[in-house]
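Below is one structure; the comments refer to it alone.
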There are 2 protein chains.
Amino acid sequence: MSRAEQKERTRRAIINAAFSQLSADKSFASLSLREVAREAGIAPTSFYRHFADMDELGLTLVDEAGLMLRQLMRQARQRIEKNGSVIRTSIETFMEFVTGNSNVFRLLLRERSGTSAAFRSAVAREIQHFVAELAEYLRKETTCPDELARAQAEAMVILVFHTGADALDAPPEQYSYLTSRTITQLRWLAHGAAGYGRKPKS
Amino acid sequence: MSRAEQKERTRRAIINAAFSQLSADKSFASLSLREVAREAGIAPTSFYRHFADMDELGLTLVDEAGLMLRQLMRQARQRIEKNGSVIRTSIETFMEFVTGNSNVFRLLLRERSGTSAAFRSAVAREIQHFVAELAEYLRKETTCPDELARAQAEAMVILVFHTGADALDAPPEQYSYLTSRTITQLRWLAHGAAGYGRKPKS
DNA sequence: AGAATGAGCGAACAGTTGTAAGCTAAACGG
DNA sequence: CCGTTTAGCTTACAACTGTTCGCTCATTCT
């Protein structure tokens, strides 16, 4: 086997080891270098051949998680074309991701407010992809001015993201309730934003 | 000095030590028992005279943080009576809390998605106080049916909470923008919920 | 006054952590 | 084919962790 090939292989082993150790009771911050190395089947010191420290690994994980999210968006678009029903399809796709890759979602959820500024901004950047894309859609589809389209998109993404977080601690029989609740909230936002030029009431 | 009195005093010293060690780069989870004891000016082993373990301390901190939040709500109500402008006053009061007690807010923000189920539900409970109170207000003030009032209140609280989180990483000159953006979002919600009986469009 | 209680302490423990130094051996480049 | 490169290893160390044990000594109770 080629050397570069083998190196990439154990690099992936490290990444996978890290992902697989994440859980409801174990955050990335509570992961130790040695633990990861052990799970990856390498000596602790070999870790350094691939990452300078745990932070570098963490940023890689966030990047990969963001990648999965973007693939998800593409998948959601396909479904929408065949299905119509933009809001419902989007949320349901997202919920499937959250429940099917809960550890990946948890990583983003936690590091969004974690102790590393670099992590926080990395997660924020991934979320902004969502917001930007949704905002563009809203600009095309509605008569919303640019600035307000963004604010609307941000609110929507926050609510959906938060619903995902709720789902992590909720029993599966509540998923459909959570989904429909969020659909209602998003419709309110869309409806409110549509019928609302500017009203400086307070 | 009475014994109980003195005990309460060092108990507070421990709590204050823990709070004061929290920061943008230091979460409760990354706090060690010895660190807290050192800051509180006691021997590590003396910690156990007051708390069974760090988790118990953490739950106490969450409770205290929740208490501060409830005091904040009361304060906001007073301001509203003198000031009118419900939405703006509420958000501004909240933002003052976030910026003035950022470490307390960060605790709630982080433990909401932390690794301890007990912490998560403790924070969720505190947030539910907000939601319940706001939902009751909406029921009185509007024609919203109960279930929808709750959904509306939840969305609003989430958005406000999230704005607080944004403020933690934003330069102070952006606070007013964040505030007005959130006001807009809340108005959309209120407006959308008001003019919306039930419309099964998708 | 005398006994009991309990907050706080120091020493010690077994465990874990990140990381440095130096070696081996296999893949590579000339 | 021989020298260089380098992924991975073992060993080692110093720092820190949570927790147990037994002691002191001021407050409290009888």
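By convention in this document, chain letters (A, B, ...) are assigned in the order of the sequence lines, proteins followed by strands, and residues within each chain are numbered from 1.
- When heavy atoms are screened at a 4.0 angstrom cut-off, Ser2(B) is found touching the sugar-phosphate backbone but no base atom.
- Closest-nucleotide positions on DNA chain C for Arg38(A) and Arg49(A) were compared, and the one nearer the 5' end corresponds to Arg38(A).
- Considering every non-hydrogen atom in both Ser20(A) and Ala17(A), the closest pair reads OG-O, 3.1 Å.
- Expressed to the nearest 0.5 Å, how far CZ of Phe47(A) lies from CD1 of Ile14(A) amounts to 6.0 Å.
- The shortest heavy-atom contact between Ala13(A) and Ala40(A) is O-CB, 3.8 Å.
- Direction of the helix axis in the helix from dA1(C)-dT30(D) to dG30(C)-dC1(D) shifts by 20° between the two five-pair termini, rounded to 10°.
- With respect to the salt-bridge test (charged N to carboxylate O, under 4.0 angstrom), the residues Arg70(A) and Glu126(A) qualify.
- With respect to Glu92(A) and Arg79(A), no salt bridge is recorded, no charged nitrogen being found less than 4.0 Å from a carboxylate O.
- Put simply, NZ on Lys7(B) is 15 Å from P on dT5(C), counting in whole angstrom units.
- Arg11(A) comes within 4.0 angstrom of no nucleic acid atom, judged by non-hydrogen atoms across all strands.
- The shortest heavy-atom contact between Ala18(A) and Leu57(A) is CB-CD1, 3.9 Å.
- Whole-Å rounding puts the Ile42(B) CD1 to dG8(C) P distance at 7 Å.
- In this structure, Gly114(A) and Arg110(B) approach most closely via the heavy-atom pair O-NH2, 3.0 Å.
- Residue Thr45(A) has no polar side-chain atom (N or O) positioned under 4.0 Å from OP1 or OP2 of dA21(C).
- Taking the six-membered ring for Trp and thresholds of 30 and 60 degrees, Phe119(B) and Phe28(B) have ring planes inclined between 30 and 60 degrees apart.
- Between His50(B) and Arg3(B), the residue anchored closer to the 5' end of DNA chain C is Arg3(B), taking for each the nucleotide with the nearest heavy atom.
- Between the C1' atom of dT17(C) and the CZ atom of Phe47(A) lies a distance of 14 Å, rounded to the nearest Å.
- Residue Arg34(B) has its side chain nearest to dA12(C) when only dA12(C), dG8(C), dG18(C) are considered.
- For Ala4(B) and Gln6(A), each mapped to the nucleotide of DNA chain D holding its nearest heavy atom, the one lying further toward the 5' end belongs to Gln6(A).
- Computed from coordinates, the Glu5(A) CD to dA27(C) C1' distance equals 12 Å when rounded to whole Å.
- Using cut-offs of 30° and 60° for the angle between ring planes, the Phe97(A) and Phe105(A) rings count as perpendicular.
- Distances from the side chain of Ala43(B) to the nucleotides dT19(C), dT17(C), dG10(C) place dG10(C) closest.
- Note on Ser32(B): only backbone sugar-phosphate atoms sit closer than 4.0 angstrom, heavy atoms only; bases stay farther off.
- Closest heavy-atom contact between Ile80(A) and Ser90(A): CD1-OG, 3.7 Å.
- Rounded to an integer number of Å, the gap from CG of Asp55(A) to P of dT17(C) is 17 Å.
- Of all nucleotides in DNA chain D having an atom under 4.0 Å from a heavy atom of chain A, the first and last in 5' to 3' order are dT5(D) to dA12(D).
- What separates CG of Leu33(A) from C1' of dT17(C) is a distance of 9 Å, to the nearest Å.
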